[in-house]
Amino acid sequence: MTFAELGLSPKVLSAVTDAGYTTPTPIQAGAIPHAIEGKDVLGIAQTGTGKTASFVLPMLTRLERGRARARMPRTLILEPTRELAAQVEENFIKYGKNHRLNIALLIGGVSFDEQEKKLERGADVLIATPGRLLDHFERGKLLLTGVDIFVIDEADRMLDMGFIPDIERICKLIPFTRQTLFFSATMPPEITKLTQQFLQAPVRVEVAKPASTNINITQKLVKTGSKPWAKRARLRELIRGEGDQLKNAIIFCNRKSEVATLFRSLARHEFDAGALHGDMDQRARMMMLDNFRKGKLSLLVASDVAARGLDIPDVSHVINYDIPTHADDYVHRIGRTGRAGRSGKAFTLVAKGDAKYLDSIEKLIGEDVEWLDGDLSTLEAEDQGDEKPQRGKKAGGKSTSEDSRNTRTRKRKPSASSEADTPQEAKTPEVAAEEKIEKPREERKSAIKASNSKSRARNRDDDAPIGFGDNIPDFMKVPGKV
DNA sequence: AAAAAAC
């Protein structure tokens with residue numbers, strides 16, 4: 001089977017050939033002919049199966065007839081995250097290089113002006129995250145009555161993120177005569193219901209290939225102490241131990257605050273690291289991802305915003321700094337490596353107390369993951385000696401910041417051994433970009449809370465009802481308060 | 001328990 005047999009237009013075909021592809025993936029072979037015919041498609045596939053091209057290519061072919069009118073986009077593609085939306089735009093640019101199409105990307109965190117201009121000019125392709133799309137719609141900058149092709153990508157993730165009501169709303173604004181292409185990695189009951197609602201006599205194309213069975217990925221568990229400094233030290237040791245084998249790595253944390261902390265720590269230890277999480281300013285997000293893709297950064301510390309769908313062909317390692325508490329996240333995370341036929345390694349740091357999460361992961365993927373060192377039984381013992389191997393520190397201090405304080409005050413150079421093992425060119429502009437990273441929301445929130453409660457405490461009782469002065473009736477008083 | 005997404 002070749003791309004030439006799928007019914008794509010010559011313009012599209014030549015762009016595909018130029019990109020170096022000749023053989024379609026199963027999802028592409030299954031979906032493209034039907035999509036070109038104008039049929040609805042239900043695609044069940046993980047990312048990394050060539051899913052994006054399976055809707056981009058037929059859409060380009062179909063878009064060759066007709067042109068866009070102002071404020072009336074001809075197609076709409078919904079994506080759950082900003083990065084995925086941007087990635088789809090890249091695909092339209094790459095495969096649409098022989099076309100003259102107006103592409104508009106509507107995502108949050110960036111200015112409205114440019115997006116409005118593109119809508120005004122008439123968009124052939126509109127790629128959006130739900131929030132910003134509805135925002136434009138409510139401002140009257142957009143009519144969806146001209147949409148001929150509607151794509152819902154990563155539907156199960158949209159469900160996880162609570163986007164379904166938004167999607168239902170958007171769906172009602174699009175003519176029912178449209179063609180709908182619907183993609184999801186899994187088919188939970190809610191999603192099945194949605195497909196019955198949105199799709200008409202769809203062609204079902206299923207590519208069952210969960211990332212966990214990807215034989216290109218070598219999975220290993222890594223024993224670690226549970227204290228933050230101990231985990232960071234173990235991580236550095238792990239990275240250095242991989243030496244040249246580690247070309248680049250995505251390091252996943254469970255919390256945005258942990259991403260920020262770990263990123264700063266790695267940067268101080270002269271690692272070539274970047275960070276990515278949802279509370280960062282959008283420009284920094286784009287820059288980090290871009291530099292990681294281009295190889296200017298070898299480590300990317302990320303939250304689960306990067307777990308699904310991100311297509312970076314050449315990631316040698318995925319490291320779960322925190323074990324994912326949802327087993328499917330594990331599958332998605334490690335699926336960022338071992339892509340496009342390459343081999344990849346996936347390490348998961350396991351500390352005392354992570355056993356139950358490990359259990360559900362192994363249950364889901366249907367196999368036991370090998371330990372790099374030791375095993376679950378040695379974990380407990382290991383954690384007893386969890387004292388920080390340095391003296392002269394204030395006991396009972398916050399171990400979280402100690403680790404960074406050391407290097408900040410001393411600014412020591414990396415040791416000879418680490419110099420050999422760690423990626424060089426450490427004087428990255430990304431370290432300077434550290435300042436651009438916003439504080440995680442929770443930190444901001446607690447800061448606000450602290451200052452609020454302080455000012456409130458000056459005035460009067462926190463929970464006292466307003467308007468009674470000191471004569472609060474008994475029944476209005478908060479129980480337990482004097 | 002947390003992440004993502006709108007000003």
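Chain letters run A, B, ... following the sequence lines, proteins first, then strands; residues in each count from 1.
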Could you state the atom-to-atom distance from CG of A:D328 to C1' of B:dA4 in whole Å? 15 Å
Contact class for A:R139 vs. all strands (heavy atom < 4.0 Å): base, sugar-phosphate, or nothing? nothing
Considering only side-chain heavy atoms of A:H326, which listed nucleotide, B:dA2, B:dA5, B:dA3, is closest? B:dA2
Starting at CE of A:M158 and ending at P of B:dA4, how long is that distance when rounded to a whole Å? 16 Å
In whole angstroms, the gap separating P of B:dA2 from CG of A:D304 amounts to 13 Å
Looking for any heavy atom pair under 4.0 Å, which part of the strands does A:G162 touch: base, sugar-phosphate only, or nothing? nothing
Counting distance only, does the side-chain N/O of A:T348 pair as donor-acceptor with the main-chain N or O of A:L221 below 3.5 Å? no
Quick one: does A:T81 reach the base of B:dA4 with a side-chain donor-acceptor pair under 3.5 Å? no
Counting heavy atoms from C-beta on, name the nucleotide in B:dA1, B:dA4, B:dA5 closest to the side chain of A:K256. B:dA4
Output yes when at least one side-chain N/O atom of A:T129 is less than 4.0 Å from OP1 or OP2 of B:dA4, else no. no
Figure out the OH/P separation between A:Y357 and B:dA3, and round it to whole Å. 13 Å
Are A:K231 and A:D322 close enough for a salt bridge, meaning some N to O gap below 4.0 Å? yes
Should the pair A:K51-A:E154 be classified as a salt bridge under the 4.0 Å nitrogen-to-oxygen rule? yes
OP1 or OP2 of B:dA3 under 4.0 Å from side-chain N/O of A:R333: no
Rounded to the nearest Å, what distance is computed from the CG atom of residue A:L84 to the C1' atom of nucleotide B:dA3? 14 Å
Looking at every strand, decide which applies to A:N254 at a 4.0 Å heavy-atom threshold: base, sugar-phosphate, or nothing. sugar-phosphate
I'd like to check A:L289 versus A:I312 (side-chain heavy atoms, cut-off strictly below 4.5 Å). Are they in contact? yes
Geometric cation-pi criterion A:R139 and A:F112, 6.0 Å radius, 45° cone: yes
Give the rounded distance in Å between these two atoms: CD of A:Q115 and P of B:dA5. 14 Å
Using a cut-off of less than 4.0 Å, is there contact between a side-chain N or O of A:R82 and OP1 or OP2 of B:dA6? yes
Nearest whole angstrom, please: distance from the C1' of B:dA6 to the NE2 of A:H136. 10 Å
Quickly work out the A:H277 NE2 to B:dA2 C1' distance and round it to whole Å. 13 Å
